[in-house]
Structure formats: C-alpha cells, structure tokens
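Keep in mind that this is a model prediction, so the values were computed, not measured.
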Amino acid sequence: MSHTVLPRTVLPRTGPAPAPRGRIGAGFSPVPHRYHLYLRAGCPRSLRVTAALTALGLADSITATVLGTDPRAAEHTALRLAYEATGHHFDGALTVPALVDTWSGRVVSDHTPDILDDLGFLAAHPAFRTGS
C-alpha cells in the first residue's frame, strides 16, 4: 500500500485565539521571583492588580512592567513572545494585565479575576511569606 505525503502547510485559524486561563497551583508552581506582570498605566484592571500586588506584599517577589504606547517597544515585543509561546501562531490581541511565567516564557493568564485570586494564593503560600 502506497501513501502520499503532502507538504506541510499552516492551516488558518478557524476561530479567535484562545485566551490563556492557567492558574498558579494548577500547572504553575508557587515560586518567588518566577512570575512577571505586564500592566498599562491608567487601565482600571491594571490598577486593581497593582494595588493587590502592593497590599499583599508581593512587590518584591513578582516583577512588573508598565507598557508604554509604542507597540514596537521592547516591552511589547516581550509580551508578544509570551503570548506566542502560550499558543502556537497566536494572532490575537495583547491584553493586560497579563501574568507571565518567566521559566516557560508563557502567559499564565490575562483574566483579571484569576490573576487577583492567584496573587491572593501566592500571598498565603509559605514560600512567599516574609523572610523566605
């Protein structure tokens, strides 16, 4: 029996790019200095995440970048690469806030309620307590 091998072609996406909805503790380990936040100045959701980061005492364990207005800036490129690592050929919009796992380079989540819950989870975790 003979098989015909067709050349590989990139198939077009038939729907919108899936939103990253990972969770810390379920696939992503709670480790200090592992996560990075991308935020935008003046964005109400980014402000909520920034306030939670400060109030929970996580500002020294989770780094953050505030994106500027130039989409060609290095910060935007870094966020685009994180989205592309999350979903092959990701062609959706970059949204903030976005929580990125620096070990894998992937976006954990860009869903604000999940990010806020994950920050609360991290603040309660023994690895993130003061003196750790």
Do Leu122 and Leu116 belong to the same hydrophobic cluster, where Ile, Leu, Val, Met, Phe, Trp and Tyr are linked whenever their side-chain heavy atoms lie under 4.5 Å apart, directly or via other members?
yes
Tell me whether Ile62 shares a hydrophobic cluster with Val31, the cluster being built from Ile, Leu, Val, Met, Phe, Trp, Tyr side chains joined at under 4.5 Å.
no
If you round to the nearest 0.5 Å, how far is CG of Leu94 from CD of Glu75?
12.5 Å
Which heavy atom of Ala41 sits nearest a heavy atom of Val66, and at what distance?
N-CG1, 3.5 Å
Please report the C-alpha distance between Leu37 and Thr65 in whole Å, then the side-chain angles of each, then the deciding distance to 0.1 Å, and finally whether the side chain to side chain contact (heavy atoms under 4.5 Å, CB included) criterion is met.
CA-CA 6 Å; Leu37 283 163; Thr65 297; over 6 Å; no
Do Ile24 and Leu99 touch side chain to side chain, with heavy atoms closer than 4.5 Å?
yes
Heavy-atom nearest pair, Leu79 first then Thr95, reads CD2-O, 4.5 Å
Going through the checks in order, is the side chain to side chain contact (heavy atoms under 4.5 Å, CB included) test met by Tyr83 and Arg106?
CA-CA 6 Å; Tyr83 269 99; Arg106 299 181 319 180; over 6 Å; no
Just wondering, do Phe121 and Pro30 contact through their side chains at under 4.5 Å, heavy atoms?
yes
Return yes if a side-chain donor-acceptor contact under 3.5 Å exists between Tyr35 and Ser61, otherwise no.
no
So do the side chains of Leu67 and Val96 get within less than 4.5 Å of each other, counting heavy atoms only?
yes
Taken in chain and number order and not counting sequence neighbours, the residues that satisfy side chain to side chain donor-acceptor pair (under 3.5 Å) with Thr112 are none
Using only heavy-atom distances, determine whether the side chains of His36 and Thr102 contain a donor-acceptor pair under 3.5 Å.
no
